[in-house]
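The structure appears right after this line, and notes come after that.
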Number of protein chains: 2
Amino acid sequence: MKGHQVTIKDIAKILHISPSTVSRALKDHPDINPQTKKNVQELAKKLHYKPNQIALNLLQKESKLIGVIVPEIIHYFFSTIISGIEKIANESGYHIIIAQSNESYHKEVENIQALLSSNIDGFIITMAKTTLTFDHYKNVEEIGVPMVFVDRACDKVNADKVLVDDFDGAYKATKHLIENGCENIVHLAGPQNLDIGLQRKEGFLAALNDSNISINDYSIQICDTHDHALKLIPKLLSKYNNIDGIFAVNDLTAIGAMKAVKSVNKKIPEEIAIVGFTNSYISYIADPELTTIDQKGYEMGQHAARMILKRIQSVDNYGPVTTILNTDLIIRKSSLKIKIE
Amino acid sequence: MKGHQVTIKDIAKILHISPSTVSRALKDHPDINPQTKKNVQELAKKLHYKPNQIALNLLQKESKLIGVIVPEIIHYFFSTIISGIEKIANESGYHIIIAQSNESYHKEVENIQALLSSNIDGFIITMAKTTLTFDHYKNVEEIGVPMVFVDRACDKVNADKVLVDDFDGAYKATKHLIENGCENIVHLAGPQNLDIGLQRKEGFLAALNDSNISINDYSIQICDTHDHALKLIPKLLSKYNNIDGIFAVNDLTAIGAMKAVKSVNKKIPEEIAIVGFTNSYISYIADPELTTIDQKGYEMGQHAARMILKRIQSVDNYGPVTTILNTDLIIRKSSLKIKIE
DNA sequence: CATACCATTTCAAACGTTTGCGAAAAGAGT
DNA sequence: ACTCTTTTCGCAAACGTTTGAAATGGTATG
């Protein structure tokens with residue numbers, strides 16, 4: 001049961017002046033008599049007057065709301081993106097509405113429609129894995145609501161993008177394994193229809209090539225979940241017992257592999273070195289701690305927020321901008337065959 | 001650069017009829033001529049007309065927005081709460097605005113003020129650890145915006161609450177350790193000024209008492225972070241080498257303890273059994289997998305959302321409701337001294 | 001032929017705020 | 001006493017939508 005919020009009209013009525021005078025008095029307009037100003041401001045404070053944001057939104061045709069659609073917030077990476085967005089948005093007086101697609105195309109469409117009618121000022125989106133058609137993005141584009149893609153982008157749409165250099169990250173990870181003495185590395189790869197999966201694989205291959213390491217038919221395994229790695233790795237190791245390094249497409253898979261390696265009594269990193277990708281919380285929790293590639297979720301979120309704010313506040317329609325962030329190699333115990341002093 | 005959104009006025013102008021007729025035609029009002037209806041509805045579809053939510057908000061004095069304030073979304077537990085809230089809210093046409101307090105009292109106050117002026121219809125809040133004064137909650141109460149506390153509640157304010165039975169959870173965890181043969185259990189406890197810390201400790205003590213197990217001066221250690229456990233446990237074990245069980249106030253601490261135990265070459269669970277609290281993702285990732293208490297974040301979120309919706313939609317001012325959810329013991333390898341067939 | 005009645009449509013107010021413009025009042029200058 | 005200026009304030013429109021009440025035009029009833 002909502003109590004009546006104090007409005008400008010209320011103040012006007014009490015003071016026997018007009019709403020416009022109150023409005024001007026509150027913002028220190030020079031046209032207003034100092035005494036009137038004082039009266040208004042004091043009463044406003046006393047009654048805890050707060051401007052009604054909705055009325056302002058209607059007038060100014062903006063909601064100071066940014067819609068954020070991510071697959072699942074429970075994933076560390078996405079929640080760091082969100083944190084980054086929130087920080088920058090808040091600094092400019094914006095708030096974020098969060099919706100999850102749960103990797104479902106339909107939920108994504110639904111969310112976009114719903115947020116659109118909430119009159120958000122812009123979208124920040126990470127595509128769902130199952131999104132294969134893009135009419136809903138096109139629709140947003142037509143309506144003229146700005147949109148920024150983060151991490152997973154749709155290249156059929158004119159929109160800003162914030163990506164991470166997956167190729168380079170994978171290259172660095174693989175190079176690191178090689179420098180630590182690995183000569184027979186397996187890559188647990190993601191789905192090859194996603195850019196992420198593809199780029200990381202390419203980076204892996206490039207690093208091997210540059211070091212003149214030959215590629216075997218088992219060097220690349222499509223395997224990107226914890227449980228799959230748990231099953232796959234023991235088989236693989238029993239078949240090819242010279243494997244001495246694993247580069248996984250994400251941390252969770254790397255940790256599955258880690259468990260599997262331990263289960264067949266091979267030592268990490270002495271016998272098999274492991275590197276993941278993302279630098280999520282679990283990489284630090286793992287035992288031994290997991291070497292990984294920092295995907296910079298927080299920075300990505302901040303960047304995306306700045307981009308959307310720029311779009312929202314800009315008058316002219318400059319072309320789409322793509323930012324590619326660098327990754328960092330985070331070296332921990334799981335890959336250190338050679339001790340660093 | 002935002003393109004002009006199609007409004008009812010646009011449609012009215014094109015069809016040479018009044019906005020009110022358009023409005024009624026769109027909602028199938030019986031007063032409107034079927035032919036007019038058809039014209040309007042077809043044009044509306046053609047122009048992709050979408051009602052302006054802001055205008056409706058202003059008229060109906062509601063925003064269909066629920067403000068959610070949590071300490072940090074990167075924590076698995078909070079993100080599951082959010083997911084639960086989102087699901088129920090969406091089902092009723094509501095959206096959630098998320099703000100993080102980062103466990104800071106000031107950020108919490110700031111967030112509440114900001115969301116309040118965004119005219120949200122209600123709050124769902126998990127108190128920050130550093131929140132010790134409650135005027136900002138009182139303010140919300142006075143204004144008449146409904147509020148539900150989740151997990152960490154403020155008892156100085158008349159508001160609904162969704163809590164978890166911490167005492168019972170801790171009791172079950174401890175009992176489980178005892179049933180598995182532990183006779184010398186250490187509890188890594190949370191801060192005792194928070195109800196969570198207190199209740200879990202009490203549950204622990206009650207379980208020991210009920211089993212006639214004596215309590216030592218080192219049975220309770222204030223230690224609730226991964227890193228602290230990492231440092232504390234080795235010292236403790238070298239001093240009291242008969243310790244055979246650890247019950248930690250949260251999963252992260254449990255895993256810190258786990259690492260520490262392994263580092264002094266004690267076997268888990270054979271020599272030392274470990275149980276955590278929360279059932280976060282990492283408990284499943286840990287090696288060995290961690291036995292823990294499921295804190296039911298998703299259910300809590302759902303419950304909180306239902307409560308706030310009920311408040312928002314209710315006309316009369318019924319007294320504050322508190323719901324206490326049961327926890328589940330999730331048994332995994334880290335505690336199983338006795339094998340279950 | 002006036003009245004009643006119906007279907008259909010429009011008017012106007014409302015939600016809370018901002019803002020260009022005009023108006024009233026008071027003082028200054030001639 | 002007249003105009004001119006300045007100070008201070010109110011009117012009205014606008015944002016997009018809903019909705020009770022009034023208006024319109026037409027037909028049927030007395």
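Below, chain A is the first sequence line, B the second, and so on; all start at residue 1. Only a predicted model underlies this, so the values are computations on that prediction, with no experimental measurement involved.
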To the nearest angstrom, how far is [X] atom [atom1] from [N] atom [atom2]?
| X | N | atom1 | atom2 | value |
| --- | --- | --- | --- | --- |
| D121(A) | dC15(D) | CG | P | 18 Å |
| L56(A) | dA14(D) | CG | C1' | 13 Å |
| L26(A) | dT17(C) | CG | C1' | 11 Å |
| Q53(A) | dC15(C) | CD | P | 19 Å |
| Q35(B) | dT9(C) | CD | P | 10 Å |
| D10(A) | dC15(C) | CG | C1' | 12 Å |
| I32(B) | dT9(C) | CD1 | C1' | 7 Å |
| L116(B) | dG16(C) | CG | C1' | 16 Å |

Does the side chain of [X] get closer than 4.0 angstrom to OP1 or OP2 of [N] through an N or O atom?
| X | N | result |
| --- | --- | --- |
| K61(B) | dG16(C) | yes |
| N33(A) | dT8(D) | yes |
| K9(A) | dA14(C) | no |

- [ ] Working to the nearest 0.5 Å, report the span between NZ of K64(A) and CD1 of I96(A).
- [x]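 One finds 15.5 Å between NZ of K64(A) and CD1 of I96(A).
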Between side-chain atoms of residues 21-34 of chain B and protein atoms elsewhere (two or more places apart, or another chain), which donor-acceptor pairs fall under 3.5 Å?
residue, atom, partner, partner atom, Å
T21(B), OG1, S18(B), OG, 3.1
D28(B), OD1, K37(B), NZ, 3.4
H29(B), ND1, D31(B), N, 3.1
N33(B), OD1, Q35(B), N, 2.7

Open item on the list: Base, sugar-phosphate or nothing for I8(A)? Non-hydrogen atoms, less than 4.0 Å.
Closed with: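 The residue I8(A) makes sugar-phosphate contact but no base contact.
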TODO: Select base, sugar-phosphate, or nothing to describe what I54(B) touches, counting heavy atoms under 4.0 Å on all strands.
DONE: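 If one applies the 4.0 Å heavy-atom cut-off, I54(B) turns out to touch nothing in the nucleic acid.
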Open item on the list: So, using side-chain hydrogen bond (donor to acceptor under 3.5 Å, both in side chains) as the criterion, who are the partners of Y94(B) when residues are at least two apart?
Closed with: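 Counting only residues at least two positions away or on another chain, Y94(B) forms no side-chain hydrogen bond (donor to acceptor under 3.5 Å, both in side chains).
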- [ ] Sequence neighbours left out, what passes side-chain hydrogen bond (donor to acceptor under 3.5 Å, both in side chains) with Y318(A)? Give chain and number order.
- [x]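 Once residues adjacent in sequence are excluded, Y318(A) has no partner under the side-chain hydrogen bond (donor to acceptor under 3.5 Å, both in side chains) criterion.
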TODO: Would you jot down, in residue-number order, the residues of residues 37-48 of chain A having a non-hydrogen atom under 4.0 Å from DNA chain D?
DONE: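 Contacting residues: none.
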- [ ] Five pairs at each end of the helix from dC1(C)-dG30(D) to dT30(C)-dA1(D): take the axis at both ends and give me the angle between them to 10°.
- [x]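 End-to-end axis angle: 90°.
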- [ ] Using the side-chain contact (heavy atoms from CB on, under 4.5 Å) rule, take F123(B) and I66(B) through it: C-alpha gap first, then chi angles, then the decisive distance, then the call.
- [x] CA-CA 6 Å; F123(B) 275 113; I66(B) 295 173; over 6 Å; no
- [ ] Please answer whether the main-chain N or O of V157(A) pairs with a side-chain N or O of E141(A) as donor and acceptor at a distance below 3.5 Å.
- [x]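 Absent.
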Task: Under 3.5 Å donor-acceptor, R152(B) side chain and M127(B) backbone - done: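 Side chain of R152(B) to backbone of M127(B): a pair is present.
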Open item on the list: Between D151(A) and Q295(A), do the side chains contain a donor N or O and an acceptor N or O under 3.5 Å apart?
Closed with: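 Distance-only check passes for Q295(A) and D151(A).
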Open item on the list: When you compare the side chains of S79(A) and Y76(B), does any donor N or O come within less than 3.5 Å of an acceptor on the partner?
Closed with: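 No, no side-chain donor-acceptor contact under 3.5 Å.
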Task: Derivation of the side-chain contact (heavy atoms from CB on, under 4.5 Å) call for I85(B) and Q302(B) - done: CA-CA 5 Å; I85(B) 296 173; Q302(B) 291 195 46; over 6 Å; no
TODO: Would you give a per-nucleotide map of nucleotides 19-27 of chain C, 5' to 3', where B means the base has a protein non-hydrogen atom under 4.0 Å away, S means only the sugar-phosphate does, and - means neither?
DONE: BB-------
Task: Nucleotide nearest P34(B) (side chain, heavy atoms from C-beta), chosen from dT17(D), dT8(C), dT17(C) - done: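 From the listed options, dT8(C) comes nearest.
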TODO: Look at the side chain of T36(A) and decide which nucleotide, out of dG16(C), dT9(C), dT8(D), has an atom nearest to it.
DONE: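 The answer is dT8(D), which lies nearest to the side chain.
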Task: From E108(A), E142(A), K156(A), residue fulfilling side-chain hydrogen bond (donor to acceptor under 3.5 Å, both in side chains) relative to Y137(A) - done: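 For Y137(A), the side-chain hydrogen bond (donor to acceptor under 3.5 Å, both in side chains) check succeeds only for E108(A).
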Task: Charged N-O contact under 4.0 Å between K46(A) and E42(A) - done: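 Answer for the salt bridge query: no.
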Open item on the list: For S18(B) and A55(B), find the nucleotide of DNA chain C closest to each by heavy atoms; which residue's nucleotide sits nearer the 5' end?
Closed with: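 Result of the comparison: S18(B).
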